[in-house]
Chemist: 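This is the structure I want to talk about, given as structure tokens.
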Amino acid sequence: MSSLEVTPAEPLSVDAGRALVNDFSLQVATVNGSGSQTANTVLMRAIFQMGIPVSGKNMFPSNIAGLPTWFTIRASKHGYVGRRKEIDFLVAMNAETAREDVMKLEAGAAVVYDEPLKLGELRTDLHFYPVPFDKLVAPVCPDAKLRKLVRNMIYDGVVAQLLGIEMEEVHRALVKQFGKRKAKAAELNWGAAQAGFDYATSAFTKNDRCRVERMNLTAGKIIVDGNAACALGAMFAGVTVVAWYPITPSSTLVETLIGYMRRFRVDPETGKATYAIVQAEDELASIGMALGAGWAGARSMTATSGPGLSLMAEFIGLGYYADVPTVIYDVQRVGPSTGLPTRTQQGDLLSTAFLSHGDTKHPIFFPCSMEECFSMSIQAFDFAERFQTPVFVFTDLDLGMNNWMADAFVYPEKPMNRGKVLTAEDLDRLGGFARYGDVDGDGVGYRTLPGTNHPKAVYFTRGSGHNANAQYTEREDDYIGNMDRLAHKFETMRGEVPEPARELRAGARIGIVAIGSSDYAARESCDQLEAEHGVPVDYLRPRAFPFTTHLAEFIRGHDRVYVVDQNRDGQLLQLMRLELEPDSIARLRSVRYYGGMPIDARTITDEIVKQEAK
Amino acid sequence: MSSLEVTPAEPLSVDAGRALVNDFSLQVATVNGSGSQTANTVLMRAIFQMGIPVSGKNMFPSNIAGLPTWFTIRASKHGYVGRRKEIDFLVAMNAETAREDVMKLEAGAAVVYDEPLKLGELRTDLHFYPVPFDKLVAPVCPDAKLRKLVRNMIYDGVVAQLLGIEMEEVHRALVKQFGKRKAKAAELNWGAAQAGFDYATSAFTKNDRCRVERMNLTAGKIIVDGNAACALGAMFAGVTVVAWYPITPSSTLVETLIGYMRRFRVDPETGKATYAIVQAEDELASIGMALGAGWAGARSMTATSGPGLSLMAEFIGLGYYADVPTVIYDVQRVGPSTGLPTRTQQGDLLSTAFLSHGDTKHPIFFPCSMEECFSMSIQAFDFAERFQTPVFVFTDLDLGMNNWMADAFVYPEKPMNRGKVLTAEDLDRLGGFARYGDVDGDGVGYRTLPGTNHPKAVYFTRGSGHNANAQYTEREDDYIGNMDRLAHKFETMRGEVPEPARELRAGARIGIVAIGSSDYAARESCDQLEAEHGVPVDYLRPRAFPFTTHLAEFIRGHDRVYVVDQNRDGQLLQLMRLELEPDSIARLRSVRYYGGMPIDARTITDEIVKQEAK
Amino acid sequence: MSTPAAPPPPRKTNRIGLDVLSYKGSKTTLCAGCGHNSISERVIECFYELGVEPWHVAKFSGIGCSSKSPAYFLGMAHAFNGVHGRMPALATGALLANSTLLGLGVAGDGDAASIGLGQFMHMVRRNVPLICIIEDNGVYGLTKGQFSATADLGSTQKGGAVNDLPPFDCCALALEWGATFVARSFSGDKKQLQAILKTAISHRGLSVIDVVSPCVTFNDHVGSTKSYAYMKEHDLALNELDYVPAYEDIAVEIAEGEAMDVPLHDGSHLRIRKLGHDFDPTSRLAALAAIEEAETKAEVLTGVLYVNTGKPTFLDLLNLPPEPIATLPESRVRPSRAVLEEVMEELR
Amino acid sequence: MSTPAAPPPPRKTNRIGLDVLSYKGSKTTLCAGCGHNSISERVIECFYELGVEPWHVAKFSGIGCSSKSPAYFLGMAHAFNGVHGRMPALATGALLANSTLLGLGVAGDGDAASIGLGQFMHMVRRNVPLICIIEDNGVYGLTKGQFSATADLGSTQKGGAVNDLPPFDCCALALEWGATFVARSFSGDKKQLQAILKTAISHRGLSVIDVVSPCVTFNDHVGSTKSYAYMKEHDLALNELDYVPAYEDIAVEIAEGEAMDVPLHDGSHLRIRKLGHDFDPTSRLAALAAIEEAETKAEVLTGVLYVNTGKPTFLDLLNLPPEPIATLPESRVRPSRAVLEEVMEELR
Ligand SMILES: Cc1ncc(C[n+]2csc(CCOP(=O)(O)OP(=O)(O)O)c2C)c(N)n1
Ligand SMILES: Cc1ncc(C[n+]2csc(CCOP(=O)(O)OP(=O)(O)O)c2C)c(N)n1
Ligand code: SF4
Ligand code: SF4
Ligand SMILES: [Mg+2]
Ligand SMILES: [Mg+2]
């Protein structure tokens, strides 16, 4: 890590001419709770509205106010929206971290900073733009109490001027952000932005390399976070019972869902809700309610993060063993234990795949994008009812809480698949049913829903030994029969989980495998490897566990396959080891990053280059 | 499974001359809660006292009274004390199961039964000995209320007569069983046993094959169950804080411990206890108390079974991440969920090795015998403090609740290893310490105990991000540094866990790997394979996870290695897959049994023969 | 869905044409004489007598001898036997999904007062519309006789160990924190338990019924305070109860002050006649005081302790429609294309 | 072990020669104005003033803004910041291991009344000798303002949502089920909170102190019942408290009936002067009634609600020796060879 010492730096000798047009990272360093969120979002949206692909990542501490926070906007004409480690343009608003932030920059970067911080003295190889925020804010915001907030909008104006962001777009973004009801606030902020713009115009000569130029790559696109995308997916999946317990970074998934459900899922005629959302007393209760509801025929769900999953272990085993559907979102954060609650990781794979004592295995979906957060949510609810089992949807803090550009979501074409449910009419016809009988050979029995108006509809669900007729048993053959059915069901799932995504290049001898939020970095790394090293690389992204046969095929088709893991123990690779032939295992190489930031392409590229060199 | 139909059987044509001397299985089928436990134990002990190796296995339902129960005594001159599937001698006392029990027998077996059951009509290929229990019990037990209990002792006498068990040994066992305080009960029962013996003498001509003959193979040996052995181990390990929650089959581990601690761990001078045992409100509390105590410097423990482990997941992650020692016994039963609480399995391996979200890995000890339950308990407490982490000791219902013969336990030679603990004097000398610093290069930091009378002794333990000085941090480098230390600590453990046990045979090309209670069956299977098929087989039994380097060496040294698992998913094999080279993985074959009974040698042998034939 | 014809009435049948057999479950595997078995019998009788369609009942339980008992009554009802102590969560979830179910939960004292105390209290707080029977024997039956958290101070284990921690009183907890019908009974008191169960069936809201239910195997000895003998000595009935179903007339008018008629949700009535104690079952504080007083006198107060028919249930608070949300048609749970477009526009 | 010399007193020091700095923790990262910070300050003052050796204190907490606060006081004390809601188990285990520690637990209302309600109640039942401070703001601060289970009925969230479930009152729970010192205070009431904290430090048994501690970020708005403004309006002090440490004389004799002197375990005294209410803090029922009454009047009763200095603690019940069992020498925790031989003989 960087040192805080002022080290003698090379004088500014970079080629200021090699402009970074629509291809840079801008970071705003502030303090959380200081209200910079709005200013940052407006900045990002303004660039987005100019047709330039962007992403916004918020790195915030596990506390509520007063500690350092960094918001990073990446603009990329290539559409790379994953993290980029290097910062080209810094807005240094936080006195506490300003020196370290500046010292970390690579030569040639630009720094907008609050004048009193005197950062310009620190290095000679950067472009500095000091701004007297306090002086500027006073005239545009007469109410001293509001100044702390409005102050932030000034840097929007400054940055807009320096980067060439059109002020009309800043205005549009601002109006959108504040909404109609807060028109006065919008106006106040607009004044501040203009003040910043004007100041920059008069005070600075642009000499850094970052610029934006209008493009046409964002038309029709949306900006959203993964938690909202999952919430929308769940709503359009027709979820009816949601039980949850707050935990970062999953809380906003349900909170956003609550907002949407209140708007769109209250029956306009009767005024009655078509859903129930319950903040439970803990995760043991939330998963219990979700399972109770799933058992009773509801599309049910819960959302949590690592510690919550650990608490759910016992109940999940019941869900597995008694064939009860529900959907569990895990918005992963850095573990173990409380870990780093506001940092991202893919660390719950191995413990979740086999969550709960005894022989258990669970399907996990791995959406990688906003579009998939939406569409795979819908698939997950179908899948849970199709297979009558708890289904996990794994995202992480990076996907869940950061701002991502996406195509508008596609309305589900297929009707809901409610799985094998027998109605009273079916029972009349059949005269009865064996709850855990494998009539169709797919390991999935037919169920009835409590409330079905038929005496034959009833069966007894239990987590203790049961036979095909759902009767209590301790018999060896019954037990084995049922466990074999469950194992077989898992194999059936293998054929019905979403297929992996693939990107193949001519002549590739090596491959990359990654899941979920690693996708952005992995794909960018493929480009880097080809562009910078002339190495074509194939890419496969499993979208679910159990893995489909494509994975093994892919590996067999390559000399070496680099498995990207955002965790210490290479958990994706470990899971693959459990399923692959030894010959394929021998081809696997591990690329791991587990520092809590979203993984970036350079880390993958460097690691692969290093290992390839061996 | 057997059918209840009376099928025409071959007439009894077996060679009654080929006697099964000291080599048979005797099963008593009764009803639980009927008080047959004493009679069964006396029978087993009497054989044991005649110098013949025995084991006693109780197969009982998950209920308290009134359901079928089977107690199986295996006598084996070869010292095989694992399960044997075939029953040579049945005592059929339970009307409900008697027909099925009899139909399951192989031709030539013997059946003592309650006369009114009329079992003799069922088959012609068995030796039947009908006994009029009610008639016999009345004269020896005038009190009608006691007859239900005393009745059982009659079959002890009958069996003694038929098998040639010396009645003096029956008497000795009976006196031992009832103890001095119940001399009257002993006398009553002795009368019943004699009545049985006399009846058999007068009524039967011995024509079955089972017999005992005095040997000298049990001198100095003990009979004990694994829960008691673990309890004794914990007591001699110097455990001070025990928190538990009742669950079959682990409850008697702590209950036995309570009994011993009351006798041997109350200070005779002060009358004060040198320990605290708390029945907690649930497993979340019991593990929490164990960790709190371990943190405060106590040798602490808890004991549970699968469902309890699942509930402990969150806290165990804290123990891992914050370096807190404790010992967790898992007496495994059949999962998932409530499963079959009174059946045995080794099904918690995979979920426990990675228990809790995030990157976690835990050491697990696998004792296989009574001696190891005792000695490895002591090792586990040392190990927990040496490595400052939760250590699991895995047994199962078969080990834990069944009766096993064993050598007398050996008093621990080494003093307790309390690990790296700094005293006030150390702190005076050192001037301070970095709790999570890796001074010795083994990944284990020095700790202090709360209560140490020194201002510098304090440090802050937390499950959130911490640096080497135990301070809160969200820094990438701190986080990675600490996680790498934990990973390194795990690698250090690999070199210090108990080494595997090995049994090698000349010329063996194939090997068997098994753990814990599979040991008995696995070793017997090695003998069977050599004796019956002329195939020499090497055997390796890892005694802990992480596996030591011996495992990989062993596998590399064999063409094929059969991994024995008492679970559906081959969890031991899976764990091995995660650690081995592809070349070694390719040599692995799976032998699985998961019906809930203890695995038996024949199952392993048959499966290996089948796979070898391919 | 059509109601299929009920099987031809072989013998005596109830209002809806079902015989009592239709309300039985599979053969009990509990010990002969276990209090839990008596409770099962009362459940069978009550549902039979009231003529409830069993397949509209959903039974929930945790783990324990008690929690097994739903297998031994109402075999024609749906059932979910979950994990130890977590019956409340399962039941809550299921009732959210389908508010038309008649929910019946069974918990042991280990379930309710030890491992599941938190869930129990939060269910109470929510006033989930459920009949919650606590089969209270003061021990863990299924794990062979350890004390539970309802074991009385000073009561002894079979082996002689003395309980030195005070008990949780599930009735006190329930009525203090939100349950709307709270009663205690004794598995041996057929008449009282019947009246209470029937009232619970008619009540809309959470009914907590703590039934002292002796464990003959592990807690029926001298020194136990949950034994048959102890209960015979110390059971103090607070009131005399008459349940009058909706389809019967309340025949006798009662004089003011003598008894109290509580009209229940479904038109039935509970008639409470005071016995000795001057006690108002609509006052939470009065009930708490009565429990406390009885405790100091080593009496076990049975009868109806509290009833409140006016409080909204958890389902009311959630503004649920009358029909089950679980099975609403796609058209009512998947918003339209227009909605998606509206949201997309907001995000653009 | 020798007591090492304390650092040279730079400024004012207490009885044991430590300055107030020795009682501080690291810089708070809670919001400016958070009630939790005031509580930390009171803890610092009380331990400083009483001259407790901080390194004999063990701090325990769960997860939340509140549970972070142990990092911000008594930096020279041992600490274990565990998992959400499970402070009681950790503290209980540690105190079993070492009964000489002065245990101080901090819980949020989320910790104590939601996820950890079961553990809280069971700790109460055991009367674990611990000072348990509940930093009660009616919301989940750290997860950004959801209602907790102590949020009052009808209070509103910042976004406007109304809480429609009744609150758990941790004081009522504590005193009803076994805690031996129960008090409520307000983070803004310096004098009262100090007297209560000091009493808790001297008390032998479980002290439950529910401190209303406004969350300025998420629960300090109009409509909140845990805001500074609301507390200023509705705080009703039950009694006036004076804590007299053991090393000071109780100067003024008091007239019968006017006040009550409670002698504490370590020789200190708590002097309780009634305010208005005629209320006896040794009666559990009186306290419950007072709480209930205050609730109906929308008053928040603060002060000492219950005190019982005679009840054995959990450690007493376990018959523990005076020294920590954790560090007994091997000779006292590993029985002799003769014992092993005795047991082996029994098993032969
Ligand atoms: C998580 C978990 N812990 C422990 C157990 C073991 N167990 C089964 S039943 C039971 C307690 C039974 O007591 P209670 O609830 O009072 O029911 P009873 O048998 O007395 O009717 C326990 C602890 C379990 N099944 N699950
Ligand atoms: C098992 C688990 N679930 C959820 C969380 C998320 N979480 C962190 S703090 C908190 C609640 C905090 O509320 P409270 O205890 O009242 O403390 P406050 O922040 O209000 O002081 C929650 C739910 C967690 N850390 N662990
Ligand atoms: S053990 Fe006790 S509770 Fe369980 S069935 Fe027997 S009598 Fe009933
Ligand atoms: S969010 Fe609330 S509870 Fe948390 S620190 Fe801020 S004011 Fe305190
Ligand atoms: Mg019980
Ligand atoms: Mg709070």
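All of these numbers come straight from a predicted model, not from anything done at the bench. Chain identifiers are assigned alphabetically (A, B, ...) following the order of the sequence lines, protein sequences preceding nucleic acid strands; residue numbering begins at 1 within each chain. These numbers come from the heavy atoms of this one structure, side chains and all, not from hydrogens, waters or symmetry mates.
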Chemist: Tell me which of these, Thr248(A), Thr252(A), Leu67(A), Leu284(A), has more heavy-atom pairs under 4.5 Å with chain D than the rest.
Modeler: Leu67(A)

Chemist: Between Thr217(D) and chain A, which part of the residue has a heavy atom less than 4.5 Å away: side chain, backbone, both or neither?
Modeler: side chain

Chemist: Counting only heavy atoms closer than 4.5 Å, note whether Cys65(D) contacts chain A via side chain, backbone, both or neither.
Modeler: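 For Cys65(D), side-chain heavy atoms alone lie under 4.5 Å from chain A.
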
Chemist: Relative to chain D, which segment of Pro246(A) carries a heavy atom at a distance below 4.5 Å: side chain, backbone, both, or neither?
Modeler: both

Chemist: Side chains of Tyr245(A) and Gln146(D): does their closest heavy-atom pair fall under 4.5 Å?
Modeler: no

Chemist: So Asn81(D) and Thr338(A), do their side chains get closer than 4.5 Å, heavy atoms only?
Modeler: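 No, their side chains stay 4.5 Å or more apart.
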
Chemist: Determine whether Phe168(D) and Glu281(A) make a side-chain contact, defined as any pair of heavy atoms from C-beta on separated by less than 4.5 Å.
Modeler: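 When only atoms from C-beta onward are counted, Glu281(A) and Phe168(D) do not touch, as no gap falls below 4.5 Å.
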
Chemist: Work out which heavy atom in Gly141(D) is nearest to a heavy atom in Ile64(A); give both atom names and the distance.
Modeler: O-CD1, 3.6 Å

Chemist: Relative to chain A, which segment of Ile63(D) carries a heavy atom at a distance below 4.5 Å: side chain, backbone, both, or neither?
Modeler: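 The answer is the side chain of Ile63(D).
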
Chemist: Can you check side-chain contact (heavy atoms from CB on, under 4.5 Å) on Asp282(A) and His84(D), steps first, answer last?
Modeler: CA-CA 10 Å; Asp282(A) 61 17; His84(D) 190 30; over 6 Å; no

Chemist: Who wins among Val83(D), Leu30(D), Thr29(D) for the most heavy-atom pairs under 4.5 Å with chain A?
Modeler: Thr29(D)

Chemist: Going from CD on Glu255(A) to OG1 on Thr143(D), what distance comes out if it is rounded to the nearest 0.5 angstrom?
Modeler: 7.5 Å

Chemist: In terms of heavy-atom proximity below 4.5 Å to chain D, should Ile247(A) be classed as side chain, backbone, both, or neither?
Modeler: backbone

Chemist: Tell me, yes or no, whether the heavy-atom count around Lys176(A) atom NZ, taken from other residues, nucleotides or ligands under 6.0 Å, exceeds 12.
Modeler: yes

